Structure formats: structure tokens, C-alpha cells
Student: 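Take a look at the following structure, please.
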Amino acid sequence: MQFDNKYKVLNLNKRRYIILLFFASVIGLLIFSNLFNEPVWGIDKTTAVIIAISLYMVYITIIYILNYHYIIYSDEGDKISLKFVSLRPFDNKRNVIEIPKKRYNGYKVSRSFFNLKEELILSIHTDKGAARYPPVSITALTPKQKKMLFNSLNQL
């Protein structure tokens, strides 16, 4: 079985750029227009700009914490292959985990950040015992893809 989450990643990137354009438009409108020249509900122009920037920074921080990944999974042949790239800016290192099916030991799913972030931790048998790979964020997978992934890993 093979799958990837390119459509979800495309949608996440579109959403990120649309929010950036919206944010830039709001800031431009606030700075270069006559809106908020007089305080509205006690909010002046400077406070409105600071609020808008703060909301955008909170959004960017949440996206950074969730650490979405583009994932390609395959269990065809005699290896499990998990290729992934982080969608964080400046963190575009391509990573690959390939595990021979004979050495596969299991997996663990950890959840954090109010159960919004999910990470998959794969483990293998080694001569010295079990070893774990670094966690891979599976937050960007659809529920159907997560089910396919877990079913595939459980069958091994």
C-alpha cells in the first residue's frame, strides 16, 4: 500500500497564504486609511495594528508547533518506507525512514498541544534491543490516511 498527503498539504499552504494576504491587507488598510483616526470602542489605530499583528503571530506560532509534514508512506516489498518533509519555513530537510519488515518492532502515537498534534514513533529490533526513530508528525494526514497507516502497521 502506498499513499501521500499532497492534497492536504496543498490546502494547508493555500490557507497559509490566504491568511497572510488577509493579514497584509488588514494592516495596510489600518495604516494607510483614515479608519481608527478617532478611537472606536476605546481602540485607536496603533492598538488595532498591534492586535492584528498579535493575532497573526499566534496563528503562526500554532502552525509552527503543529509542525505539519508532507508524507509518503509505502509498505510494498520487504521494507516499510516513510518519507517526510516538514512544512516549517527554513526546515525543509528531506527525511527517510526505511525499516526492513523483519526488524519492525511496532509503533507508538503520541499526542500533544491540546491533542491537536500527533506524532508517530516507529521502533525496530536491533542486536542490543529495541531502538526508536525520531517522531514524525502525522497531524497533516487525513483521518482516512491515518486509518490506512495504522492498519498497515498493525498487520506487520
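All figures in this text were calculated on a predicted structure; none of them were measured in a lab.
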Student: Can you list the steps and then say if Phe3 with Leu141 is a side-chain contact (heavy atoms from CB on, under 4.5 Å)?
Tutor: CA-CA 10 Å; Phe3 67 84; Leu141 293 178; 4.0 Å; yes
Student: For Ser137 and Asn67, test the side chains for any donor-to-acceptor distance below 3.5 angstrom and give the result as yes or no.
Tutor: no
Student: Check this for me: Lys8, atom NZ, are more than 12 non-hydrogen atoms of other residues, nucleotides or ligands nearer than 6.0 Å?
Tutor: yes
Student: Can you tell me how far apart OH (Tyr70) and CG (Leu12) are? Round to the nearest 0.5 Å.
Tutor: 13.0 Å
Student: Closest heavy-atom contact between His69 and Phe84?
Tutor: CD2-CD1, 3.6 Å
Student: Kindly compute the distance separating CD1 (Ile60) from CZ (Arg16), expressed to the nearest 0.5 Å.
Tutor: 7.5 Å
Student: For the atom pair CG (Leu30) and CZ (Phe32), what is the distance rounded to the nearest 0.5 Å?
Tutor: 11.0 Å
Student: Please report the interatomic distance OG(Ser152) to CD(Glu76), rounded to the nearest 0.5 Å.
Tutor: 9.5 Å
Student: For residues 117-134, pull every pair meeting salt bridge (charged side-chain N to carboxylate O under 4.0 Å, His left out), keeping only residues two or more places apart or in separate chains.
Tutor: Arg111-Glu118, Lys117-Glu119, Glu118-Lys146
Student: Please tell me whether Leu82 and Val9 are part of a single hydrophobic cluster in this structure, the criterion being side-chain heavy atoms less than 4.5 Å apart.
Tutor: no
Student: What closest approach, in Å, do Met148 and Met1 show between heavy atoms, and which atom pair accounts for it?
Tutor: O-CE, 3.2 Å
Student: Would the number of heavy atoms belonging to other residues, nucleotides or ligands and lying under 6.0 Å from CZ of Phe150 be above 12?
Tutor: yes
Student: Membership question, hydrophobic clusters at under 4.5 Å side-chain separation (ILVMFWY): are Ile62 and Phe22 in the same one?
Tutor: yes
Student: Please tell me if the side chains of Leu116 and Thr139 come closer than 4.5 Å, counting only heavy atoms from C-beta onward.
Tutor: no
Student: Do Ile138 and Phe113 sit in the same hydrophobic cluster, where Ile, Leu, Val, Met, Phe, Trp and Tyr count as joined when their side-chain heavy atoms come under 4.5 Å apart?
Tutor: no
Student: Does one hydrophobic cluster hold both Ile80 and Val109, with members joined at side-chain heavy-atom distances below 4.5 Å?
Tutor: yes
Student: Heavy-atom distance under 4.5 Å between the side chains of Leu122 and Val136, does that happen here?
Tutor: no
Student: With a 4.5 Å cut-off on side-chain heavy atoms, are Leu149 and Leu120 touching?
Tutor: yes
Student: Hey, what do you get for CD1 (Ile63) to CZ (Arg88), rounding to the nearest 0.5 Å?
Tutor: 11.0 Å
Student: Determine the minimum heavy-atom distance between Ile121 and Tyr133, stating which atoms define it.
Tutor: CG2-O, 3.5 Å
Student: According to a hydrophobic-cluster definition based on side-chain heavy atoms being under 4.5 Å apart (Ile, Leu, Val, Met, Phe, Trp, Tyr only), do Leu20 and Ile31 belong together?
Tutor: yes
Student: Any non-hydrogen side-chain atom of Asn5 less than 4.5 Å from a side-chain atom of Tyr68?
Tutor: no
Student: Between side-chain atoms of residues 49-59 and protein atoms elsewhere (two or more places apart, or another chain), which donor-acceptor pairs fall under 3.5 Å?
Tutor:
| residue | atom | partner | partner atom | Å |
| --- | --- | --- | --- | --- |
| Ser54 | OG | Ile50 | O | 2.8 |

Student: Output the distance between atom OH (Tyr73) and atom CG (Leu153), rounded to the nearest 0.5 Å.
Tutor: 4.0 Å
Student: For Ser33, is there any backbone N or O sitting under 3.5 Å from a side-chain donor or acceptor partner on Lys45?
Tutor: yes
Student: Heavy-atom count check: over 12 atoms from other residues, nucleotides or ligands less than 6.0 Å from Lys101 NZ?
Tutor: yes
Student: Tell me which one of Asp75, Ile124, Ile99 satisfies side chain to side chain contact (heavy atoms under 4.5 Å, CB included) with Tyr104.
Tutor: Ile99
